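Small disclaimer: the values here were computed from a predicted structure and weren't measured.
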Amino acid sequence: MGEVLVVYELDKAVATRASPRVPRGAERAVRRVHAAPAAPGMPAATGPRTLCGKDTFAMETTCWKPSEHPEAPWYPEEYASAVCPDCDAVMET
């Protein structure tokens, strides 16, 4: 497998009142953390699907790269409770 990127599946946008300090939609929480292969020839861009088969179009790509943290889990530890079990199973093999 080539480069793997970490992407966040965010909660759906909640209608909030815009304020000068917090832009509309800024409170979107991470629903699930997925792993996705990099797009062919573009190591900083995700491919169209996560390792579990979800579309990456509406997901947010993180700067966390598993290859840069060989002693750590493939995901940022602060999101351990939100890791996709299917992506995790593929990453463990």
Side-chain angles (χ1 to χ4, degrees):
M1 183 182 315
E3 184 75 40
V4 173
L5 304 173
V6 176
V7 292
Y8 295 149
E9 178 181 354
L10 302 175
D11 280 339
K12 295 190 186 308
V14 177
T16 59
R17 205 171 44 150
S19 75
R21 290 179 286 141
V22 180
R24 179 177 289 257
E27 306 89 35
R28 294 178 67 187
V30 173
R31 173 183 289 178
R32 189 69 77 192
V33 178
H34 295 276
M42 300 174 65
T46 60
R49 301 259 177 223
T50 63
L51 295 180
C52 68
K54 289 192 175 247
D55 187 351
T56 61
F57 175 74
M59 294 188 187
E60 181 179 299
T61 304
T62 70
C63 60
W64 181 269
K65 291 185 180 179
S67 61
E68 294 175 357
H69 307 276
E71 299 300 319
W74 63 265
Y75 49 85
E77 290 186 38
E78 63 266 28
Y79 292 110
S81 65
V83 170
C84 169
D86 296 330
C87 287
D88 194 38
V90 173
M91 289 298 291
E92 293 298 318
T93 58

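- Scanning for side-chain contact (heavy atoms from CB on, under 4.5 Å) contacts around Pro48 gives an empty result, with sequence neighbours left out.
- In this structure, Leu5 shares a hydrophobic cluster with no other residue, the cluster being traced through Ile, Leu, Val, Met, Phe, Trp and Tyr side chains under 4.5 angstrom apart.
- Listed by chain and number, the residues in a side-chain contact (heavy atoms from CB on, under 4.5 Å) with Arg31 are Glu9, Asp11, Lys12 (sequence neighbours excluded).
- Within the structure, no pair that satisfies the ring-ring contact (aromatic ring centres under 6.0 Å, His included) test touches residues 35-54, not counting sequence neighbours.
- Qualifying side-chain hydrogen bond (donor to acceptor under 3.5 Å, both in side chains) partners for Thr62, counting only residues two or more places apart in sequence or in other chains: none.
- Residues in residues 37-50 take part in no salt bridge (Lys or Arg N to Asp or Glu O under 4.0 Å) pair, two or more places apart or across chains.
- For Trp64, the ring pair (Phe, Tyr, Trp, His ring centres under 6.0 Å) criterion is met by His69, not counting sequence neighbours.
- You'll find the side chain of Leu51 reaches within 4.5 Å of the side chain of Pro37, heavy atoms only.
- With rounding to the nearest 0.5 Å, the separation of OG1 in Thr56 from NZ in Lys54 is 12.0 Å.
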Pairs under 3.5 angstrom only: tabulate donor-acceptor contacts from the side chains of residues 73-90 to other protein residues two or more places apart or in another chain.
| from | atom 1 | to | atom 2 | distance (Å) |
| --- | --- | --- | --- | --- |
| Trp74 | NE1 | Asp88 | OD1 | 2.8 |

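- Here Ala45 pairs with Ala39, Met42 under the side-chain contact (heavy atoms from CB on, under 4.5 Å) rule; sequence neighbours left out.
- Other cluster members for Met59: Val7, joined by side-chain heavy-atom distances under 4.5 Å among Ile, Leu, Val, Met, Phe, Trp and Tyr.
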